[in-house]
**Q** 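I am attaching a structure below and will ask some questions about it afterwards.
Note that ligands are numbered from 1 as they come in the structure, with each ligand's atoms numbered from 1 the same way.
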Amino acid sequence: MEKQKRIAAIHDISCVGRCSLTVVLPILSAAGVDCGIMPTAVLSTHTGGFEGFTYRDLTEDLKPISAHWRSLNLSFDALYSGFLGSFEQIDIVGEIFDTYKKDGNIILVDPVMADEGKLYSIYSQEMAQGMAKLCSKADIIIPNITEACFMTGHDYKHGPYDKDYIEQLLEKLATLGPKQIVLTGVHFDDEQIGAAIWSEGAVDYVFAPRIEGHFHGTGDVFGSILLASLLNGKNLKEAAQIACGFVNKSIQITINLKQERRYGVAFEMALPYLIAELTKSSL
Ligand code: PXL
């Protein structure tokens, strides 16, 4: 039997609202991956749609956690960073990547900081420059279009997009230095939405049916499914296709259940779809 994969997920804990570690951990576990966590902050809820949330910044804890892991000789098949608790954490996470990078493992960076044309309320513009720097250390980055625009200075537009707009954005992202890019939220019409994939200068697309509206936490669901699929032997395009399909299914279930959107999507109910996709043999 092949050795079990292990990752370190560097995200916040939003206690309620289904994003960041409350999404990453169950999805990677369901996919058979040993999911270690490095929490960047603890919030009572996420910041999108709730008032009065608590916020405990864990910047002080990151280096000691990493040093202890090092003393245990731990190694990881992937490091996956998302929402960071402070600007200072960008350099610390960069150092953690340097510590644990090895041949064949995956540094996956989701430069979580913005959506729908706006930075999240707790961040300022300097976060965009910092995240751009962190992306230079990544094997794969998975920004949404807003984050991609903040990091590159590309003009932000609402969709539908055209191929020129998306492919110019990908070229600018490529200059940040990641090996591969999966740009999310790409749609050329109202029927389908998905991701643009950039790898060694070649561009490809994957789509699923588009459901109108904003659904909280879907970026973290997408990233987690992408990584889970890669660690189960899928290639980047297959993994992005599974992630698009999974996000679509989760949204559809959330709508059918008439759940409030700020509580995230009912990804738990879509996990059988993930398992079915992962057990199909690759093309
Ligand atoms: O899903 C991204 C995310 C993660 N963590 C926190 C957030 C958000 C998006 O709003 O607020 C705390």
**Q** Using the six-membered ring of Phe215, assess whether NZ or CZ of Arg262 lies under 6.0 Å from its centre and within 45 degrees of the ring axis.
**A**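 That pair does not qualify as a cation-pi contact.
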
**Q** Whether the side chain of His11 engages the backbone of Tyr80 through a donor-acceptor N/O pair (distance < 3.5 Å, no angle test) should be reported.
**A**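 Answer holds: yes.
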
**Q** Side chain, backbone, both or neither: which part of Thr47 has a heavy atom under 4.0 Å from ligand 1?
**A**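 It is both parts that get close, each with some atom under 4.0 Å.
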
**Q** Can you list the atoms of ligand 1 that are under 4.0 Å from a heavy atom of His216?
**A**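 Counting from 1, the qualifying ligand atoms are 9 (C), 10 (O).
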
**Q** Would a distance-only check, ignoring hydrogens and angles, find a side-chain to backbone donor-acceptor pair under 3.5 Å from Asp115 to Asn144?
**A**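 No; judged by distance alone, with no hydrogens or angles, the pair does not exist.
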
**Q** Run the ring-ring contact (aromatic ring centres under 6.0 Å, His included) check on Phe188 and Tyr165 step by step: do they pass?
**A** CA-CA 10 Å; Phe188 298 127; Tyr165 179 84; 10.0 Å; no

**Q** Heavy atom under 4.0 Å from ligand 1: found in Asp115's side chain, backbone, both, or neither?
**A**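 It is neither part, as no heavy atom is under 4.0 Å.
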
**Q** Treating Gln192 as the side-chain partner and His187 as the backbone partner, does any N or O pair qualify as donor plus acceptor under 3.5 Å?
**A**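 No.
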
**Q** Run the side-chain contact (heavy atoms from CB on, under 4.5 Å) test on Phe97 and Leu79 for me, step by step, so that the C-alpha distance in whole Å, both residues' side-chain angles and the decisive distance to 0.1 Å come before the verdict.
**A** CA-CA 7 Å; Phe97 288 163; Leu79 290 103; 3.9 Å; yes

**Q** Answer with yes or no whether Gly219 contacts ligand 1, where contact means a heavy atom under 4.0 Å from a ligand atom.
**A**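 Heavy atoms of Gly219 never come under 4.0 Å of ligand 1.
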
**Q** By number and element, which atoms of ligand 1 are closer than 4.0 Å to a non-hydrogen atom of Asp220?
**A**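 In order of number, 1 (O), 2 (C).
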
**Q** Any idea which atoms of ligand 1 are less than 4.0 Å away from a heavy-atom of Phe83?
**A**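 With Phe83 as reference, the close atoms of ligand 1 come out as 4 (C), 5 (N), 6 (C), 7 (C), 12 (C).
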
**Q** If I apply the N/O under 3.5 Å rule, does His46 come out as touching ligand 1?
**A**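 No - when backbone and side-chain N and O of His46 are compared with those of ligand 1, no distance drops under 3.5 Å.
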
**Q** Report the C-alpha distance between Leu28 and Ser224 in whole Å, list the side-chain angles of each, state the deciding distance to 0.1 Å, and finish with yes or no for side-chain contact (heavy atoms from CB on, under 4.5 Å).
**A** CA-CA 7 Å; Leu28 271 298; Ser224 303; 3.9 Å; yes

**Q** Can you name the atoms of ligand 1, numbered from 1 with element, that are less than 4.0 Å from a heavy atom of Val112?
**A**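 Under 4.0 Å from Val112, ligand 1 has these atoms: 2 (C).
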
**Q** Report, in ascending order of atom number, the atoms of ligand 1 lying under 4.0 Å from any heavy atom of Asp12.
**A**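 This gives 4 (C), 5 (N), 6 (C), 12 (C) as the contact atoms.
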
